[in-house]
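We use all heavy atoms of the structure for the numbers below, so side chains are in, but hydrogens, waters and symmetry mates are not. Letters A, B, ... mirror the listed sequences (proteins, then strands); counts begin at 1.
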Protein chains: 2
Amino acid sequence: MSANREKDGPQSQEGQAGQDGQDGQEKEQPRRRQARGERRIAQLLEAAAAVFTTTGYSAASTNAIAREAGVSPGTLYQFFPNKEAIAIELGGRLMRQMRETYGEALAPVDPTTSLEEAVTAAVDRFIAFNCEHPVFFTLMHGPDVPGRMAEEHDALHATLLGRIEALLSSLLPDADPAELNRTAQMCLGLYKTGLELVLAHEGAEREAYVRELKHVLIRYLAPLVGDRLGRAGTPGPAPTA
Amino acid sequence: MSANREKDGPQSQEGQAGQDGQDGQEKEQPRRRQARGERRIAQLLEAAAAVFTTTGYSAASTNAIAREAGVSPGTLYQFFPNKEAIAIELGGRLMRQMRETYGEALAPVDPTTSLEEAVTAAVDRFIAFNCEHPVFFTLMHGPDVPGRMAEEHDALHATLLGRIEALLSSLLPDADPAELNRTAQMCLGLYKTGLELVLAHEGAEREAYVRELKHVLIRYLAPLVGDRLGRAGTPGPAPTA
DNA sequence: TAGAAACGCGAGCGATCGCTCGTGTTTGCC
DNA sequence: GGCAAACACGAGCGATCGCTCGCGTTTCTA
């Protein structure tokens, strides 16, 4: 019978493929996509987003994604070399979209803005984006994302860290760099926690958690900024609109 | 997806305690363990803790756990009906140990203790426990834990939430219950984030993050407690260097 | 209109994983 | 010593999953 197990296999194509000839120069595959193909890709990415959001990355099966998109597994692999590539492409598109739409969220360190204004602006933008694209949280903060995705996450993490550090150092020019880094790490972590709670609720409750998150960040940073930008003791009447 | 097993094995007496006699000893188990067996169980749980910590729950294979313990897969299943039971038992033992050792961490709401003292005591205890048992974080906050484990997590979450709410309401008797719940949720989330950062570092850096976490909690709660327990405006000597 | 290429299908391959089973060894008790 | 139960082993079953392959269909191009 064909029930011959324990076939150790001579290492065969277990090399996980990855990308053919990815090392060094990127060998582009001149695949001419038709309009129908582009439509399928968008359709598949949308389906993947849904499946990833509900089940997470590693628990999501490619067959499930294909089924969600209403196509066969073979069709899926017509457009993506493997499962990881789907997440990469999806994450990449979201990253690009985020940069285009909210790229300047943390950039301007206008010295005339108060701490509350800065926090409110940054939090509102990022929260809005993540509420609109819940997959983003799954792909970025998910624990089971593949190696290539983790790189993308680390890159985003480093970028945000750098921006927060820059913003903080402009408020605290004489701070210890190590302390600054810790504070920035803490801010990112606090934001992540708040985002998790925000995504877990809806409507008025969600907005309440957004306010709470802002309070956390402002109260955490206010004593550091101190009287430099002043008036951060009690955020007073609802800072959000 | 999972637990699709329809072939109920012969010894499917897997009532496995829990249900009713939760705190009593486990009856229903006609299996007389010898001293050797108890040793094996401890050995297997230790191996499982190591594997879970490094690879997470769902990515950990039972064969890997058995290998780590130096036994065969068959031996592992001599003591545990399935993979989930290993995590359950491990989590249960850790929970019990935590309750025994640090059970009173959040319990006393001594009106003479200040906010800083309460936060410091609670954080120090829980951080210490989690640093000593890193698996606990993986099992509790891991995203891929099985259903039964999630229940245990939810139970712990609810317990901690209740204690925090009680503690807060003793400081804010006239607070809105919904607001109180949100604040407690936020505190737990902040703690979780801080714990994540603490576990990711070592030595002096780790201690610095512990301090930072305390600052976050104290500064977040101080304005709420206000002048009730007083002197929470600026948490003592310069928080930063 | 003919040929090529992109698109589409779905059965199924190869590998892994949770778990079992038949068999042999050790331990506790009489 | 004798016997039953607990312990130990490891090949392998059954199921799933990522992915492939052969072949049929649609679309583009000349």
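Taking the ring axis of B:Tyr209 as reference, the NZ or CZ atom of B:Lys214 does not stay both within 45° of it and closer than 6.0 Å to the ring centre.
Of the candidates C:dC7, D:dG10, D:dC19, the closest approach to any side-chain atom of B:Ser72 belongs to D:dG10. Set against C:dC9, D:dG10, C:dA11, the side chain of B:Pro73 has D:dG10 as its closest nucleotide.
Rounded to an integer number of Å, the gap from CD1 of A:Ile86 to P of D:dG18 is 9 Å. Atom C1' of nucleotide D:dC17 and atom NZ of A:Lys83 are separated by 8 Å, given to the nearest angstrom. Remark: C1' of D:dC7 and CZ of B:Arg39 are 11 Å apart, rounded to the nearest angstrom. Per the geometry, CD1 belonging to B:Ile65 stands 10 Å off P belonging to C:dC19, to the nearest Å. Computed from coordinates, the B:Asn82 CG to C:dC17 P distance equals 17 Å when rounded to whole Å. If you measure from atom CD of A:Glu38 to atom C1' of D:dT27, you get 15 Å, rounded to the nearest angstrom. Rounded to whole Å, atom C1' of D:dC19 lies 10 Å from atom CG of A:Leu76. The distance from atom CZ of B:Arg67 to atom C1' of D:dC9 is 15 Å, rounded to the nearest whole Å.
With sequence neighbours left out, the side-chain hydrogen bond (donor to acceptor under 3.5 Å, both in side chains) criterion links B:Asn63 to no other residue. Applying the salt bridge (Lys or Arg N to Asp or Glu O under 4.0 Å) rule to B:Glu151 yields the partners B:Arg148; only residues at least two apart in sequence or on another chain are considered. Not a single ring-ring contact (aromatic ring centres under 6.0 Å, His included) links B:Phe80 to another residue, sequence neighbours left out. Residues that satisfy the salt bridge (Lys or Arg N to Asp or Glu O under 4.0 Å) test with B:Arg182, not counting sequence neighbours, are A:Glu205, B:Glu179. Take B:Arg36 and apply the salt bridge (Lys or Arg N to Asp or Glu O under 4.0 Å) test, not counting sequence neighbours, and it matches no residue.
When heavy atoms are screened at a 4.0 angstrom cut-off, A:Gly74 is found touching base atoms of the nucleic acid.
At the phosphate of D:dA8, OP1 or OP2 sits under 4.0 Å from a side-chain N or O atom of B:Arg40. Between D:dT20 and A:Tyr77, no contact under 4.0 Å exists linking OP1 or OP2 to a side-chain N or O.
Residues from residues 43-64 of chain B placing a heavy atom under 4.0 Å of any atom in DNA chain C, listed by number, are B:Ala60, B:Ser61, B:Thr62, B:Asn63.
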Expected list for residues 137-145 of chain B: side-chain donor-acceptor pairs under 3.5 angstrom, two or more places apart:
from	atom 1	to	atom 2	distance (Å)
B:Asp144	OD2	B:Ser58	N	3.4
B:Asp144	OD2	B:Ser58	OG	2.8

Expected list for residues 66-75 of chain A: side-chain donor-acceptor pairs under 3.5 angstrom, two or more places apart:
from	atom 1	to	atom 2	distance (Å)
A:Ser72	OG	A:Gly74	N	3.4
A:Ser72	OG	A:Thr75	N	3.3
A:Ser72	OG	A:Thr75	OG1	3.3

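Salt-bridge annotation for B:Glu100 and B:Arg96: present, with a side-chain N of the basic residue lying under 4.0 Å from a carboxylate O of the acidic one.
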For nucleotides 22-30 of chain C, give me one character per nucleotide, 5' to 3': B if any protein heavy atom sits under 4.0 Å from the base, S if the only such contacts are to the sugar-phosphate, - if neither. ----BS---
